[in-house]
Peer 1: 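Questions regarding the structure given below will be posed in turn.
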Amino acid sequence: MGSGTGSFLKVVVKNFDVLAGPVVSLVYPLYASVRAIETQSPEDDRQWLTYWILYSMITLFELTFAKLIEWIPLWSYTKLIVTCWLVIPYFSGAAFVYEQYVRPFFLNPQTVNILYIPRKKDVFGKPDDILTAAEKYIEQNGPEEFEKLIGKADKEVKWRTRNHS
């Protein structure tokens, strides 16, 4: 081997993750997605649609935590291995992650609202939370109306649980 070939191979080996990453995460999935659109099978459509959902979530994660990720050793190799698992249809990694984690998060009617931010204390010094709101409702409408409201909400939760299972 000449020194030029040896140097080229060293560069390829040192930057394998940088070279293989786009091929594994973009080029092949793009090609496979176009092929999936052209077939009549919904299975391959689902595989690639779930892959692109997960790819966008990974990209958003990386963009959000870029400063933290740069300190994680071997992050690019880990991402490459996980992406291979998601991409290769034999493993059905994208479908597994979507079915086990993403889908239940979006379809579960009892998920916690992470955007809830409690308000500052009101004029009377009480925290404006769910108990205070319940007390105010009972004060304005009476305990019977509150019990009706709770019963109605309970029926709605049972209906949602039954129809989403």
Side-chain angles (χ1 to χ4, degrees), residues 1-121 127-131 133 153-165:
M1 261 195 241
S3 68
T5 306
S7 296
F8 175 73
L9 287 176
K10 284 181 185 177
V11 169
V12 168
V13 169
K14 276 188 167 182
N15 297 303
F16 179 74
D17 59 319
V18 175
L19 300 170
V23 172
V24 171
S25 64
L26 292 171
V27 175
Y28 176 70
L30 198 68
Y31 169 75
S33 297
V34 170
R35 287 196 56 193
I37 290 171
E38 297 303 322
T39 65
Q40 297 299 319
S41 171
E43 290 300 316
D44 54 2
D45 293 350
R46 185 176 181 95
Q47 161 69 21
W48 294 111
L49 190 55
T50 56
Y51 169 76
W52 288 114
I53 290 169
L54 296 173
Y55 177 78
S56 66
M57 292 175 78
I58 291 168
T59 303
L60 288 172
F61 175 80
E62 283 187 311
L63 291 171
T64 304
F65 299 105
K67 294 290 184 192
L68 180 66
I69 289 173
E70 68 186 27
W71 288 95
I72 299 174
L74 303 173
W75 167 255
S76 56
Y77 290 104
T78 305
K79 181 184 170 192
L80 181 62
I81 291 168
V82 170
T83 304
C84 286
W85 180 69
L86 293 173
V87 166
I88 299 172
Y90 175 79
F91 297 116
S92 298
F96 175 79
V97 172
Y98 181 80
E99 288 295 326
Q100 296 297 315
Y101 301 103
V102 177
R103 188 169 191 259
F105 179 77
F106 285 105
L107 295 182
N108 187 355
Q110 297 175 2
T111 55
V112 175
N113 182 0
I114 60 173
L115 300 177
Y116 172 73
I117 301 169
R119 295 184 186 165
K120 294 181 182 176
K121 293 185 177 196
D128 191 15
D129 59 4
I130 190 93
L131 293 176
D154 190 39
K155 286 179 187 176
E156 185 177 332
V157 167
K158 288 178 184 177
W159 181 83
R160 284 185 185 177
T161 305
R162 191 177 31 210
N163 289 332
H164 288 292
S165 298

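Sequential numbering from 1 along the given sequence is applied to the chain's residues.
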Peer 1: Before giving the answer on side chain to side chain contact (heavy atoms under 4.5 Å, CB included), spell out for I69 and K79 the whole-Å C-alpha distance, their side-chain angles and the decisive distance to 0.1 Å.
Peer 2: CA-CA 11 Å; I69 289 173; K79 181 184 170 192; over 6 Å; no
Peer 1: Between Y51 (side chain only) and S25 (backbone N and O only), is there a donor and an acceptor less than 3.5 Å apart?
Peer 2: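 Yes, because the side chain of Y51 sits within donor-acceptor range (under 3.5 Å) of the backbone of S25.
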Peer 1: Measuring only between side-chain heavy atoms, which start at C-beta, is L86 closer than 4.5 Å to F91?
Peer 2: no
Peer 1: For Q47 and A95, which heavy atoms make the closest approach, and how far apart are they?
Peer 2: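 For Q47 and A95, the tightest heavy-atom pair comes out as OE1-N, 4.3 Å.
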Peer 1: Any chance you could measure L80, atom CG, to L74, atom CG, to the nearest 0.5 Å?
Peer 2: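 Answer rounded to 0.5 Å: 11.5 Å.
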Peer 1: What's the separation between atom CG in D45 and atom OG1 in T39, rounded to the nearest 0.5 Å?
Peer 2: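 The distance works out to 5.5 Å.
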Peer 1: Do you know the tightest heavy-atom contact between V87 and P29?
Peer 2: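 Scanning both residues completely, I find the closest heavy atoms to be CG2-CG, 3.9 Å.
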Peer 1: Under 3.5 Å, is there a donor-acceptor pair between the E62 and W75 side chains?
Peer 2: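 Short answer, yes.
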Peer 1: Taking atom OH of Y98 and atom CG of L54, what is their separation to the nearest 0.5 Å?
Peer 2: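 Nearest 0.5 Å value for the OH-CG distance: 9.0 Å.
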Peer 1: Rounded to the nearest 0.5 Å, what's the gap from CZ on F65 to CD on E70? Could you check?
Peer 2: 14.0 Å
Peer 1: Grab the two heavy atoms, one from L26 and one from Y55, that are nearest each other, plus how far apart they are.
Peer 2: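 Scanning both residues completely, I find the closest heavy atoms to be CD2-OH, 3.3 Å.
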Peer 1: Side chains of E99 and T50, heavy atoms from C-beta outward: is any pair under 4.5 Å?
Peer 2: no
Peer 1: Suppose we call two aromatic rings close when their centres sit under 6.0 Å apart. Are W48 and Y31 close by that rule?
Peer 2: no
Peer 1: To the nearest 0.5 Å, how far apart are CD1 in I72 and OG1 in T78?
Peer 2: 8.5 Å
Peer 1: Which atom pair, heavy atoms only, marks the closest approach of W52 to L30?
Peer 2: CZ2-N, 3.7 Å
Peer 1: Looking only at non-hydrogen atoms, find the nearest pair between C84 and V24 and report the distance.
Peer 2: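 So the two residues come closest at SG-CG1, 3.7 Å.
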Peer 1: Does the side chain of V97 reach to within under 4.5 Å of the side chain of W85, using non-hydrogen atoms?
Peer 2: yes
